[in-house]
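Since the structure comes first, as structure tokens, the remarks are kept for the end.
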Amino acid sequence: MNKSDFFQNVFDVTKLVPHGRVTSYGAIAHYLGAKQSSRMVGWAMNASHKLKDVPAHRVVNRNGILTGKFHFETPDRMKELLEKEGVKVVNDQIVEFDKYFWNPSIELEFH
DNA sequence: ACACTGACCACTG
DNA sequence: CCAGTGGCCAGTG
């Protein structure tokens, strides 16, 4: 996997996050075999602004905090999108994050 | 070419 | 337990 593939894979995995579920930067990085490149996942999200079909709002940090909210059109946009999908957000943090967490390393595992 | 910055995370002492 | 730190690497000045 080369570098540009990494970015593309980040987008692909993000698109696979089911409606009403969320995942984390680290989980995506880990799934792609680069768990220490979670920062790059965030960077990829930044680049995903142009691609409108990437649900960047379903990607938060490992604590379920909406760290990327200020990169949306408005700071409340991310929360609105999540709550529209049934995910509760209080104080910029996802309530019962464990319940909604979608781990690609498990869900997309090949058997 | 160099230094610094991130929408982060796991490890260490 | 918590603060510090190293790793990752594309972009920017």
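Chain letters run A, B, ... following the sequence lines, proteins first and then strands; every chain starts at 1.
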Between C1' of C:dC8 and CZ of A:Phe7, the distance in whole Å: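 Distance, rounded to whole Å: 11 Å.
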Considering every strand and a 4.0 Å limit on heavy-atom distances, what is the contact class for A:Asn46: base, sugar-phosphate, or nothing?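 Result for A:Asn46 = base.
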Using a heavy-atom cut-off of 4.0 Å across all strands, would you classify A:His49 as base, sugar-phosphate, or nothing?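 It contacts base atoms.
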Using the C1' atoms only, state how far C:dA3 lies from B:dA7, rounded to an integer number of Å.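 These two C1' atoms come out 22 Å apart once rounded.
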Whole-Å C1' distance, C:dA10 and B:dA10: 22 Å
Are the side chains of A:Leu66 and A:Ile94 in contact, using a 4.5 Å heavy-atom criterion? yes
With a 4.5 Å heavy-atom cut-off, do A:His49 and A:His71 have their side chains touching? yes
Counting only heavy atoms not in A:Lys15, do more than 12 sit closer than 6.0 Å to its NZ atom? yes
Checking [X] side chain against [Y] main chain: does a donor-acceptor pair fall under 3.5 Å?
X	Y	answer
A:Ser38	A:Tyr25	no
A:His30	A:Asn103	no
A:Gln93	A:Asn63	yes
A:Arg77	A:Phe72	no

Can you check nucleotides 5-7 of chain C for protein contacts, nitrogen or oxygen pairs under 3.5 Å, and list what you find?
residue, atom, partner, partner atom, Å
C:dG7, O6, A:Arg39, NH1, 3.3
C:dG7, N2, A:Gln36, O, 3.4

Which value, rounded to the nearest 0.5 Å, describes the distance between A:Asn9 atom CG and A:Tyr31 atom OH? 8.0 Å
How long is the gap from CZ on A:Phe11 to CG on A:Leu51, to the nearest 0.5 Å? 5.5 Å
Check DNA chain C for consecutive Watson-Crick or G-U pairs with both distances under 3.5 Å and list the runs of at least three as stems.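 Stem segments, range with range: B:2-6 with C:9-13, B:8-13 with C:2-7.
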What's the verdict on side-chain contact (heavy atoms from CB on, under 4.5 Å) for A:Tyr100 and A:Leu82, showing C-alpha distance, side-chain angles and the deciding distance? CA-CA 11 Å; A:Tyr100 298 110; A:Leu82 286 171; over 6 Å; no
Contact summary for A:Ala27 and A:Ser105, nearest pair of heavy atoms: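 The answer is O-OG, 4.1 Å.
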Bounded by its outermost nucleotides with an atom under 4.0 Å from a heavy atom of chain A, the footprint on DNA chain B reads B:dG6 to B:dA10
